[in-house]
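Just so it is clear, the structure is predicted and the values come from calculations on it, not from any experiment. Residue numbers begin at 1 in each chain, while the letters A, B, ... track the order of the sequences.
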Amino acid sequence: MNRVSAAAEPPVGSEFTVSSRRTGTSVVVAVVGELDLDTVQALTSELATAVDDRGIRAIVVDCQGLSFCDSTGLNALLAARLRAEGQGVAVSLAAVPAATSRMFGITGADTVFQLYPDVETALGAA
Amino acid sequence: MNRVSAAAEPPVGSEFTVSSRRTGTSVVVAVVGELDLDTVQALTSELATAVDDRGIRAIVVDCQGLSFCDSTGLNALLAARLRAEGQGVAVSLAAVPAATSRMFGITGADTVFQLYPDVETALGAA
Amino acid sequence: MSMPDTRPPLGGLPEGGQTRRLALVGTRGVVGRCRDFTRQALQDWHWLPGVTEEQQEVAEDVLLLVSELVTNANLHAGGAVELLLHGTRERLRVEVSDGSRQQPAPRTPYQASRPGGHGLHIITRLSTAWGSEPRPTGKSVWVEVAAP
Amino acid sequence: MSMPDTRPPLGGLPEGGQTRRLALVGTRGVVGRCRDFTRQALQDWHWLPGVTEEQQEVAEDVLLLVSELVTNANLHAGGAVELLLHGTRERLRVEVSDGSRQQPAPRTPYQASRPGGHGLHIITRLSTAWGSEPRPTGKSVWVEVAAP
Ligand SMILES: Nc1ncnc2c1ncn2[C@@H]1O[C@H](COP(=O)(O)OP(=O)(O)O)[C@@H](O)[C@H]1O
Ligand SMILES: Nc1ncnc2c1ncn2[C@@H]1O[C@H](COP(=O)(O)OP(=O)(O)O)[C@@H](O)[C@H]1O
């Protein structure tokens, strides 16, 4: 067998991953990495799946690993919240890092979302 | 002044741009390039803006320049359609190229969307 | 013994086929890069440009399949780690490996009008076979397509 | 004559400042790449890592501003063509040029709870000044931030 190997392009400076775990009627969606125009679709898809999941009453977005978030990320969260509201599902945010917390203050997002210091507290309130 | 220039990385193989123009109560959203996970957010944002625009009754997505579309692109169109339906806005597709047309046949999207050979016909039907 | 193959030879493809691998890092811009890499292989292997309409369509199907596999690895498995193409005169095999042990599973019921679940549906319809295999640090999801 | 500047010198920044340019092609993966490029400049110019909390915050604001400018060029102007950073001891200027003559305009009313319109709101709040200037083949949108 004839093998041709291609090297990867230099690693990009950031990655973004989203993962979900369900506990009872809540879903915890954990976001890790830099959330922006290039990466947002993974979060949009995951939140849409969670919202559409019939048994779900609450979605907690675990932001502990969120190393960057701009208005594109905020838009994804706001859009999911609007959709979720229509189906009686609450969306809250946990462990928002300082930089994103300031952005939420500037944009008023801190008055739109329930914010919790950690996932456990958020789940307790759900 | 001290100048440091950085060369661009090699051009990527594809771009994706979305642009809108309004005619009466319709918006024509033209998509050009390859639509996938990396590029979809531009379409999602533009469609959301069009759906939220109070005076709009119909959105025609002009696919003439769409050189690639996978299920991520389809999902964006389907999600916009669901949202638009809720607000009495019709979403139709015009000038869908052959490859995407086949994908729409496989997924049943051709039974979900009104498809038109060109934008003019779509606007006439709106 | 089988009949002699009268199809035009697929250039660049020795007996036993050829393998090309693209290592991947991160999730940014990876889907398009994988299609570009595949497009190049399809050209070198004379699947592209397709001489007949059917050939052109099969090559386009392959690009769509690559896109669906890599997208799924990015959305559901923390990112694609490697794209592997193996072309022979008879078929093309595409493998996308990722770092998750979780298996792909078609969503049911299939709903044409709703977002979600279309990727594996497309894969099922366009490939001659597909599956998933464990790997030391995750799994790989593969599809095969017959040469046109 | 003004008072002598007692702040620690911003390293790598000669009188008159320094300019760095990143040429951009396409829209794929460009937003993160522009932040990486900016992060490097901020390090070289000693804005990062911030010694005080305020310095750290200003540097983070700059990365957010870059992200917003490039995102807007990608979403509303066919893609960013160039990112330009100009740092002096007093301030940092970021310019993102694109190929569209259309001007950015804040969406009104501003609605905190709805998607859309947050980019220019963030830009207005975090920059000391911002604006848009015509260029031969489009325009550039710029922001300025005072050195911490
Ligand atoms: N590479 C993968 N790793 C883990 N799970 C996967 C992978 N690919 C697909 N899946 C699972 O299969 C499901 C169906 O995939 P698909 O049909 O592509 O639709 P979608 O991505 O829209 O959910 C996904 O929701 C996911 O749970
Ligand atoms: N670079 C640009 N070129 C053309 N128009 C722009 C640009 N940046 C912003 N705009 C216009 O300004 C509007 C407001 O931008 P922004 O506040 O970032 O919100 P959003 O991008 O969510 O619409 C956009 O909808 C667009 O019409």
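Side-chain atoms of A:Asp53 do not come within 3.5 Å of backbone N or O of A:Ile56 as any donor-acceptor pair. Under the 3.5 Å distance criterion, the side-chain polar atoms of A:Ser26 are left unmatched by any main-chain donor or acceptor of A:Leu123. Remark: the backbone N or O of A:Thr39 is not paired with any side-chain donor or acceptor of C:Arg28 at under 3.5 angstrom. Between the side chain of C:Thr52 and the backbone N or O of C:Gln55, at least one donor-acceptor pair lies under 3.5 Å.
The contact list for residues 69-81 of chain C toward chain A, using heavy atoms and a distance under 4.5 Å, reads C:Leu75, C:Gly78 by residue number.
Under 4.0 Å is where a charged nitrogen must lie from a carboxylate oxygen, and between C:Lys139 and C:Glu95 no such pair does.
Using a 4.5 Å cut-off between heavy atoms, A:Gln41 touches chain C through its backbone atoms (N, CA, C, O) alone.
Annotation: side chain of C:Leu64 is in contact with side chain of C:Ile122 (closest heavy-atom distance under 4.5 Å).
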